[in-house]
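Here is the structure we will look at, set down as structure tokens.
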Amino acid sequence: MSGGATAAPAPLRAACDAALADPLLWPQDAGSAMGVQDRLRPAVRTEPLAAVRTVAGLDVGYAPGDDRLVAAVVVLDTATLSTVESVTETGRPEFPYVPGLFAFRELPPLLRALRRLDSEPDLLVCDGFGRAHPRRFGLACHLGVLLDRPVLGVAKSPFVGSHGPLDRSRGAWSPLRADDGAEVGRALRTRDGVKPVYVSVGHRVDLDTGCDLVLRLSPRYRQPEPIRAADRLSRSSPIGDDRNGPKGPQRHQPA
DNA sequence: GCGACAG
DNA sequence: ATCTTGTCGC
């Protein structure tokens, strides 16, 4: 048998397939979904993360006046911010948008996109929260635990918790605290005088490392480049038409 | 009970 | 998420 006690993390592809194949992970009602979050939450770990050579940005875009969506993943080289690889996957939402249950809506399409990646990014960055969540288990935690990989959540608006004012300059930050005083994330200014982004730990990374990385990944715009790249790709990507068979996922290789 | 509520 | 014009500023 291979894969003993010292087994390396399963390849990304296998981890995505395993998660997608487990029916217990994808309930159809809100009550069971919260139960899944409570069951998985204890697995979240916070730790330093080093040697982040490549980062994958994840995002999902929705077609206007339609029920179709596009999940996009773009892998960037951390040092140069150049694109290493990118994929898109089209589909239809199978769970309604419910604040607090975001993962049940966006994770399935994101996992189907991630499974087709050839590379194994050192870190995943998603549009949303990690521990800054009503039950401390947002999208970033959920994805991290399912794949047992480092994941960071970067959101554009606060969800739970509050923070004090922060300096006007890029790099300024203030702890995002839940009602009980726990630091569940940070409001981080990535551009002078521009609204901050909200960083929270998903899994296997800590807030210091996470904020440091987010700043390095956001040299010019408010949002980190990996998320910007995934966001743009999800918007510009043609939507497949399921009525005549899926259009088929698009693969993209840098020129 | 009511409002607010990641994307 | 998505629908939307111009405008101010680097």
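Residue numbering restarts at 1 for every chain, and letters A, B, ... go by the order of the sequence lines.
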If you group Ile, Leu, Val, Met, Phe, Trp and Tyr by side-chain heavy-atom gaps below 4.5 Å, do [X] and [Y] land in one group?
X: A:Phe137; Y: A:Val98; answer: yes
X: A:Val87; Y: A:Val60; answer: yes
X: A:Leu40; Y: A:Leu124; answer: yes

Within the distance-only criterion (no hydrogens, no angle test), does the side chain of A:Arg149 pair as donor or acceptor with the backbone N or O of A:His203 below 3.5 angstrom? no
Okay, side chain of A:Arg222, backbone of A:Lys156: is any donor-acceptor separation there less than 3.5 Å? yes
Look at all strands and tell whether A:Leu101 reaches a base, only sugar-phosphate, or nothing, counting heavy atoms closer than 4.0 Å. base
NA contact type, A:Leu69, heavy-atom cut-off 4.0 Å: base, sugar-phosphate, or nothing? nothing
How many Å lie between [atom1] on [X] and [atom2] on [N], as a whole number?
X: A:Asp179; N: B:dA4; atom1: CG; atom2: C1'; result: 13 Å
X: A:Arg235; N: B:dG7; atom1: CZ; atom2: P; result: 12 Å
X: A:Arg105; N: B:dC5; atom1: CZ; atom2: C1'; result: 15 Å
X: A:Leu110; N: C:dA1; atom1: CG; atom2: P; result: 14 Å
X: A:Phe104; N: B:dG7; atom1: CZ; atom2: P; result: 18 Å
X: A:Gln223; N: C:dA1; atom1: CD; atom2: P; result: 8 Å
X: A:Ile227; N: B:dG7; atom1: CD1; atom2: C1'; result: 12 Å
X: A:Tyr221; N: C:dG9; atom1: OH; atom2: P; result: 19 Å

Distance-only side-chain donor-acceptor flag, A:Gln37 / A:Arg135, under 3.5 Å: yes
Which residues within residues 151-168 of chain A lie with some heavy atom under 4.0 Å of an atom in DNA chain B? A:Ala155, A:Lys156, A:Ser157, A:Pro158, A:Phe159
For DNA chain B, the expected dot-bracket line (Watson-Crick or G-U under 3.5 Å, [ ] crossing, | inter-strand) is .......
Does the pair A:Leu69 and A:Thr90 meet the rule for a side-chain contact (heavy atoms from CB on, under 4.5 Å), with working shown? CA-CA 6 Å; A:Leu69 53 76; A:Thr90 62; over 6 Å; no
Any stacking of A:Tyr97 on C:dA1, going by centres under 5.5 angstrom and planes within less than 30 degrees? no
Taking A:Arg186 as the fixed residue, which of A:Asp212, A:Asp208, A:Asp206 is the one that meets the salt bridge (Lys or Arg N to Asp or Glu O under 4.0 Å) rule? A:Asp208
Let me see the working for A:Thr46 and A:Arg131 under side chain to side chain donor-acceptor pair (under 3.5 Å), right down to the final yes or no. CA-CA 10 Å; A:Thr46 296; A:Arg131 296 167 73 184; 3.0 Å; yes
